[in-house]
Amino acid sequence: MNVIEWIQTKRDGGELTESAIRQLMAGYTDGRIPDYQMAAWAMAVHFAGLSARETAQLTLAMRDSGERVDLSAIPGIKADKHSTGGVGDTASLIVLPLVVAAGVPMAKMAGRGLGHTGGTIDKLEAIPGISTALTVEDLVAQVRRVGLAVAAQTDALVPADKKFYALRELTGTVDIPAFIASSIMSKKLAGGADVIMLDVKTGDGALLPERAQARALAQTMVHIGHQAGIRTAAIISDMSQPLGPAIGNALEVAEAIRVLKGGGSDRLRTFCLELGASLLTLANAAADLDEGRAILQKCLEDGRGLSLFGRFVSAQGGDAAIIADPSRLPTAPVQWPVTAMADGVVQAVRTRRLGEVSVRLGAGRLTRKARVDPAVGLRVTKRIGDAVVHGETLAVIHAQKESQAQAVEADVRVAFVLGEAATPRPLIYERIPRALGASKG
Ligand code: URA
Ligand code: CA
């Protein structure tokens, strides 16, 4: 191993061979390569970048660093989805049961929230009794039985990413597109699905706010998927305002139940039908997006999505009575409306700031080990383009104490930028590859 040479090659803008990339990742994961050398290499990559080939090879080296899930015993095309994360992104809780109800089994390895973005595992854990600590065997058995399982990332899967991501967080090398792409895709590929649908967010509340960055990340991840022989597609979707009205774990579970019952936020429901239709198309369960939407609409209307959600919650040990009676979910004692100080139209929502406020209330975490409070968060009542009059409610803070609500009230208020008029935001900006968006006739 010549780690110094690999660092220098990158520093000077050269490319590493596949063998060097594999040795680097393996050596780092098993401790032969120390943090300081890996950190130097990561910083060199920040300046010099990785080629598409290097990025794909890094991803596969990480995928192969631990156990891999084998879903081949389950009949049919198995799907997975991933969102790069956002604020009020309740979509997984809705899309997963709907798509499974439409006949596509899903095994999802999910993460916890970090920083201003929420995570599916934290949201699910707001359900009393639920366990997301599934072994690989549990996961496979449950997908076979119920069609759907969601497991927290275990130490056995992709240990290289676990160790390298932690190092990146401490060395200013998280926001490097090739690293984000390889980190996400190594975990998705180890998850064993036949098709992977990626939702790359763009806008103020996204991991990568600029559209060009989001597009590059989506293209890189789709390319990696194809290199690994897995059918992969991406959408680039809007995170310039919270996707749904709820931000916070139990609040988002309650919103998901509302949508699965046919109510809830129109914007969130529409988005879930779009993302779900993309999944069905990718998994050959629909001929095109129009057919996919129609199938999912039916699963919403006849309650199959809701009933699948119930079976999934029970299978993972959760209290499925929350579906008939969402008041069984944890609730915050203080519900504190934040009102507008002027008339106007909502022009922009400082989405990242709303995510940060929810963290301060306890709904999210700044460090990996921190605990979250399932009950707290925000309900956003105004969106971009909505007219607001002085005194009207912009959002409701759900907090444990009045003093905590008061402490964030001004931040919530200024997150709603009022003006004369607003430019409406689409839900989805583009699809990669573009052919996935083509419809019949
Ligand atoms: N999410 C991941 O899983 N990895 C990254 O590097 C960034 C976001
Ligand atoms: Ca969230």
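Read the numbers this way: they start at 1 and go in the same order the structure lists the ligands and their atoms. Note that the structure is predicted; figures quoted are calculated from it, not measured.
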CZ (R368) with more than 12 external heavy atoms under 6.0 Å: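 Check passes, neighbour count above 12.
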
Main-chain N/O of D161 paired to K163 side chain as donor or acceptor, under 3.5 Å: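 A pair under 3.5 Å: no.
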
Main-chain N/O of A363 paired with N249 side-chain donor or acceptor, under 3.5 Å: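 Checking the backbone N and O of A363 against the side chain of N249, a donor-acceptor pair under 3.5 Å is found.
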
Numbered atoms and elements of ligand 1 in range of S183, under 4.0 angstrom, heavy atoms: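 Once the distances to S183 are compared, the set is 2 (C), 3 (O), 4 (N), 5 (C), 6 (O).
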
Atoms of ligand 1, numbered as shown, that sit under 4.0 Å from any heavy atom of I184: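 Those atoms are 1 (N), 2 (C), 3 (O).
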
Nearest protein heavy-atom contact for [atom]: which residue, which atom, what distance?
| atom | value |
| --- | --- |
| atom 7 (C) of ligand 1 | Y165 OH, 3.1 Å |
| atom 3 (O) of ligand 1 | K187 NZ, 2.5 Å |
| atom 6 (O) of ligand 1 | R168 NH2, 2.8 Å |

Test: R258 and E255 ion pair at under 4.0 Å: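 Result for this pair is yes, salt bridge flagged.
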
Side chain proximity check, V259 to C272, heavy atoms < 4.5 angstrom: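 V259 does not reach C272 side chain to side chain.
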
